[in-house]
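Beneath this line is the structure, given in structure tokens, with notes to follow.
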Amino acid sequence: MEARSRTRSYEFLEAVTSDLSFVARGPTLEEAFAAAAEALLAATVADPASVRASSELRLRFEEDDLELLLLRFLAELVYRRDAEGLLLRVGRLELVTGKPSRLEALLVGESIDPPRHRLETEIKAVTAHGLRVVPRAEGWEVSVTLDV
């Protein structure tokens with residue numbers, strides 16, 4: 001399955017293990033991270049468009065490595081879903097690269113509502129296996145594997 005917006009896209013890859021993998025792309029690093037968050041949401045709920053922006057959450061992380069920053073960001077989304085029952089997507093995201101790199105995000109979403117949100121995949125964790133953040137001629141590409 002491939003999904004596209006004006007500036008970002010993601011696609012799920014054929015499974016060679018029981019894990020779920022995807023590649024997300026964007027013209028900027030911020031858009032690639034946001035596309036990865038959207039792919040995570042799409043793996044979680046059958047109809048990501050059904051998730052309303054009725055609540056907000058602000059996050060800030062720092063890591064020396066972009067892959068670790070992506071891992072920490074996506075792991076937080078999994079944690080918020082499991083611990084607080086929240087389905088979240090990026091409302092705004094800012095990345096500043098360096099040592100350390102910093103991510104600041106405004107996430108929007110809502111609590112899981114079973115009549116409207118048919119849950120798809122039980123994601124246990126975001127793994128470091130195959131995790132990549134790579135610049136490309138057309139922007140950025142990230143590769144992510146989810147333990148399901």
Verdict with reasoning, Val90 to Glu38, per side chain to side chain contact (heavy atoms under 4.5 Å, CB included): CA-CA 8 Å; Val90 171; Glu38 196 65 26; over 6 Å; no

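- Heavy-atom minimum distance, Leu66 versus Ser101: CD2-OG, 3.9 Å.
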Stepwise side chain to side chain contact (heavy atoms under 4.5 Å, CB included) test for Arg118 and Asp47: CA-CA 7 Å; Arg118 185 170 54 91; Asp47 181 12; over 6 Å; no

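- With rounding to the nearest 0.5 angstrom, the CZ atom of Phe33 is 4.5 Å from the CG atom of Leu70.
- Here the CG atom belonging to Leu88 is positioned 9.0 Å from the CD atom belonging to Glu76, to the nearest 0.5 angstrom.
- The cluster map of Ile, Leu, Val, Met, Phe, Trp and Tyr, joined by side-chain heavy atoms under 4.5 Å apart, puts Leu41 and Val142 in different clusters.
- A pairwise comparison of heavy atoms in Pro48 and Arg89 identifies O-NH2, 3.0 Å as the closest pair.
- Residues Leu86 and Ser111 are in side-chain contact: their nearest non-hydrogen atoms beyond the backbone lie under 4.5 Å apart.
- In this structure, Leu29 and Val133 have side chains that are in contact, with non-hydrogen atoms separated by less than 4.5 Å.
- Under the 4.5 Å side-chain heavy-atom criterion for ILVMFWY residues, a single connected hydrophobic cluster contains both Leu93 and Phe22.
- Judged by distance alone, the side chain of Thr121 and the main-chain N or O of Ala43 form a donor-acceptor pair under 3.5 Å.
- Checking side-chain atoms of Thr127 against main-chain N and O of Thr145 turns up a donor-acceptor pair under 3.5 Å.
- Closest approach of Ala75 and Val126 over heavy atoms only: N-CG2, 3.9 Å.
- Arg52 contributes no side-chain N or O that, together with a main-chain N or O of Glu110, makes up a donor-acceptor pair within less than 3.5 Å.
- The two residues Arg132 and Ser143 have their closest heavy-atom pair at NH2-OG, 2.6 Å.
- Side chain of Glu141 to main chain of Arg25: no donor-acceptor pair is present (N/O by atom type, distance under 3.5 Å, no hydrogens or angles).
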Leu131/Val144 under side chain to side chain contact (heavy atoms under 4.5 Å, CB included): CA gap, chis, key distance, verdict: CA-CA 5 Å; Leu131 188 66; Val144 178; 4.0 Å; yes

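- A salt bridge does not link Arg92 with Glu94: every distance from a Lys NZ or Arg NE/NH1/NH2 to an Asp or Glu carboxylate oxygen is 4.0 Å or more.
- Nearest heavy atom pair, residue Ala37 against residue Leu77, reads CB-CD1, 3.7 Å.
- Under the 4.5 Å side-chain heavy-atom criterion for grouping Ile, Leu, Val, Met, Phe, Trp and Tyr, Val108 is not connected to Val78 through any hydrophobic cluster.
- Tested against Phe73 for a side chain to side chain contact (heavy atoms under 4.5 Å, CB included), the candidates Leu68, Leu95, Leu107 yield a single pass: Leu107.
- Looking only at side-chain heavy atoms (C-beta outward), Glu122 and Asp82 come within less than 4.5 Å of each other.
- Using a 4.5 Å cut-off on side-chain heavy atoms (C-beta onward), Ile112 and Arg81 make contact.
- Salt-bridge annotation for Glu62 and Arg72: absent, with no side-chain N of the basic residue lying under 4.0 Å from a carboxylate O of the acidic one.
- Hydrophobic cluster membership differs between Val45 and Leu146, with clusters built from Ile, Leu, Val, Met, Phe, Trp and Tyr side chains linked at under 4.5 angstrom.
- When every heavy atom of Ala24 is checked against every heavy atom of Ala32, the shortest pair comes out as CB-O, 3.9 Å.
- Side-chain contact check for Arg80 versus Leu59: some heavy-atom pair is nearer than 4.5 Å.
- Val148 and Leu87 end up in different hydrophobic clusters when Ile, Leu, Val, Met, Phe, Trp and Tyr side chains are linked at under 4.5 Å.
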